[in-house]
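Some notes on the structure that comes next.
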2 protein chains.
Amino acid sequence: MSTIKDIAKLAGVSITTVSRVLNNHPYVKDEKRRKVLQVIEELNYQQNMNAIHLVKGKTFMVGVVLPYADHPYFQSIVGGIIKAATSSEIAVLLCPTNYSKIDEIKYLEMMKRKQIDGVIICSRANTWEVILPFAEYGSLVACELVEELPCAYTDHFDAFSSALNYLIKEGHKSIGYSVARENSNSSKARLSAYHDVLEKNNLPINESFIFPDSIDIDDGKRIVKELVQLKDRPTALLVNGDEVAAGILIQAKKEGLNVPADLSVIGFDNQPFSEALGLTTIDQHLNEIGKKAFDLFLHGGHQKVCVPFDLVIRNTVSKLQQ
Amino acid sequence: MSTIKDIAKLAGVSITTVSRVLNNHPYVKDEKRRKVLQVIEELNYQQNMNAIHLVKGKTFMVGVVLPYADHPYFQSIVGGIIKAATSSEIAVLLCPTNYSKIDEIKYLEMMKRKQIDGVIICSRANTWEVILPFAEYGSLVACELVEELPCAYTDHFDAFSSALNYLIKEGHKSIGYSVARENSNSSKARLSAYHDVLEKNNLPINESFIFPDSIDIDDGKRIVKELVQLKDRPTALLVNGDEVAAGILIQAKKEGLNVPADLSVIGFDNQPFSEALGLTTIDQHLNEIGKKAFDLFLHGGHQKVCVPFDLVIRNTVSKLQQ
DNA sequence: CTGAAAGCGCTTACAG
DNA sequence: CTGAAAGCGCTTACAG
């Protein structure tokens, strides 16, 4: 590969002038500019970005920290980020952690090491206490509500409450739900909404109706298998993701449970395939969350953007006799 | 941020020695090594990777070129790549092109500019003639069969033929199919398999049964809308992706077409949600293709890896009277 | 409008 | 075992 020096020599100018041409600076005599451009063309020259990154202390790249790059929930957020990034000059680096605290830190250290200018955290393994100090080294954005950081998020308490109220309105009194990681903030929000709404409606709280560690289709199947073992079963399930809900639909069929007659299901995320399943679900506009998160990364500032959600009613919730 | 110079000064050694400690070189007196390590700890030092990249001429990063980062087909390939990459020290940069030739070239130029060490091309907008010259600047891998490049691919002629033969065995004589981009290699392979298999079976070829530009759920819906307009309709559709197939299932229901009684459907990709849909589909093991492609990037060489496929039989194909 | 020179933060022969 | 120095390929005051 040729360098700026080669260009300078062949064009008969200094490297400063070449640099000026490369960066569209004014104050280069037209004749020299043309000559430089011509040599660049001839040598098929391209800048070495690593040198530029070193000098500028920036890479125009953002890391997106998430546990699983192959999960539709995160894919939707990433989709939004990419869409927003495409119109900027920022490249997107996927940073899958598998919820390993160590891997997560490694990505944060990439920022410290100037490999990426910032990090958007879709979901995290470490506590904020551990993560926040890295904010000093770059632009850190969260996809959940964090006091100290710019963030784009769903109000999970609110979303979960809405879904619960809808189920209650349809006559359900015995409602269970699933969560991914029991200690995540959104799971805590769901638990408190569960208590809050059920108590307000004088409905019994049954914590054996809570199914943790639910991430993918197989978890959905597992939930139904566990469910059929219970003598006292919920009539409705509020599921933390449409993929889990898909697993529930599959296994329910196998077990001879009719959805929604025997079991109502509300999903979360409104994935593209959910329409085909006729799944009633909460659309939290993950794409939008991704977009907003990217904007926050790009423009800095310390805003908190709460992205509204919608309940999308389809065919997996039945109306019960009052 | 502190630099190697600061460490050297405070530790009372040269920067050479600091570099040696950082890179686990032998030949550093234990006492000095300890001192350096201690100062590094104190200053909370991290290397500036851009300097290292500049010196080494490498970034340990691979770009993955694809049209849409939010499409399940590509997400599955990317999933495989990420899985393979996680156990190496290589980071994965997503390069969505939206099938813009210009954007695609931009990513190839990132390689030329030393921002990434290589590029895995999942699907491309430019001709190979345009792309191949970039192989000079880094490691280029394809996810389709290309003479000049290492590649991991599906034999689409073979896969498509298998599905056709299965449909014919089930008594179908009037078969249509969909493709994404009409001029892609896989579409051409499908067309020639269509001719080949149908002719061998003395079945009529009807090119109005070919539905191009089919990418997502909406395209699947569109296909059914077009289909119901035809007086002469195929009894079975071989669809180029499960997402399109999902759209077909949705719209068929709306139009009062029973699948599979009125219309049999075979998908492609075996996406996670396909099981929930009961969709018969061809699993081409996209994850595996991604993994192999990454291995080819990592280890160089010029292998061609043909990844085998499976026909996954579920409930969307009917048996017709002979 | 132009160029010499310092500097970005590292690695790596080379000499000792 | 150790360090001075050159070099990776750029940008950017500074002086003219």
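Throughout, a chain's letter reflects where its sequence line sits, starting with A, and its residues are numbered from 1.
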When you match Asn48(A) and Ser14(B) each to their closest nucleotide on DNA chain D, which lands nearer the 5' end?
Ser14(B)
Which residues within residues 17-44 of chain A lie with some heavy atom under 4.0 Å of an atom in DNA chain D?
Ser19(A), Asn23(A)
Quick check on contacts: within residues 109-117 of chain A, what sits under 4.0 Å from DNA chain D by heavy-atom distance?
none
If you take all heavy atoms of [X] and [Y], which pair is closest and at what distance?
X	Y	answer
Gln46(A)	Met1(A)	O-CE, 3.8 Å
Ala125(A)	Arg181(A)	CA-NH1, 4.2 Å
Ile120(A)	Cys143(A)	CG2-SG, 4.0 Å

How far does the [atom1] atom of [N] sit from the matching atom of [M], given to the nearest Å?
N	M	atom1	answer
dA5(D)	dC1(D)	P	24 Å
dT2(D)	dA6(D)	P	23 Å
dA13(C)	dG9(C)	P	23 Å
dC10(D)	dC14(D)	P	24 Å

Could you list the residues that satisfy salt bridge (charged side-chain N to carboxylate O under 4.0 Å, His left out) with Asp213(B), not counting sequence neighbours?
none
Give a yes or no on whether the backbone of [Y] and the side-chain of [X] come within a donor-acceptor separation of less than 3.5 Å.
X	Y	result
Ser139(B)	Gly300(B)	no
Thr154(A)	His156(A)	no
Glu104(B)	Asn126(B)	yes

So Asp117(A) and Thr59(A), side-chain hydrogen bond (donor to acceptor under 3.5 Å, both in side chains) or not? Walk me through it.
CA-CA 6 Å; Asp117(A) 298 342; Thr59(A) 56; 3.3 Å; yes
Leu54(A) near the nucleic acid: base, sugar-phosphate alone, or nothing, with a heavy-atom cut-off under 4.0 Å?
base
Distances for protein N or O near nucleotides 5-7 of chain C N or O, under 3.5 Å:
none

So Tyr68(B) and His71(B), would you call those rings parallel, tilted or perpendicular, with 30° and 60° as cut-offs?
tilted
Look at Gln46(B) and dG9(C) and indicate whether a side-chain polar atom (N or O) is within less than 4.0 Å of OP1 or OP2.
no
Go through DNA chain D and write down every stem, that is, every run of at least three consecutive Watson-Crick or G-U wobble pairs with distances under 3.5 Å, as range with range.
C:1-3 with D:14-16, C:5-12 with D:5-12, C:14-16 with D:1-3
When you look at Ser123(A) and Tyr99(A), which way does the side-chain hydrogen bond (donor to acceptor under 3.5 Å, both in side chains) test go after all the steps?
CA-CA 8 Å; Ser123(A) 182; Tyr99(A) 279 135; 2.5 Å; yes
A cation-pi test, strictly: NZ or CZ of Arg20(B) under 6.0 Å from the centre of the six-membered ring of Tyr27(B) and no more than 45 degrees from its axis. Yes or no?
no
Contacts to DNA chain C from residues 1-13 of chain B, heavy-atom cutoff under 4.0 Å, which residues?
Thr3(B), Ile4(B)
Step-by-step side-chain hydrogen bond (donor to acceptor under 3.5 Å, both in side chains) determination, Lys56(B) to Asn50(A):
CA-CA 10 Å; Lys56(B) 299 220 168 177; Asn50(A) 295 134; over 6 Å; no
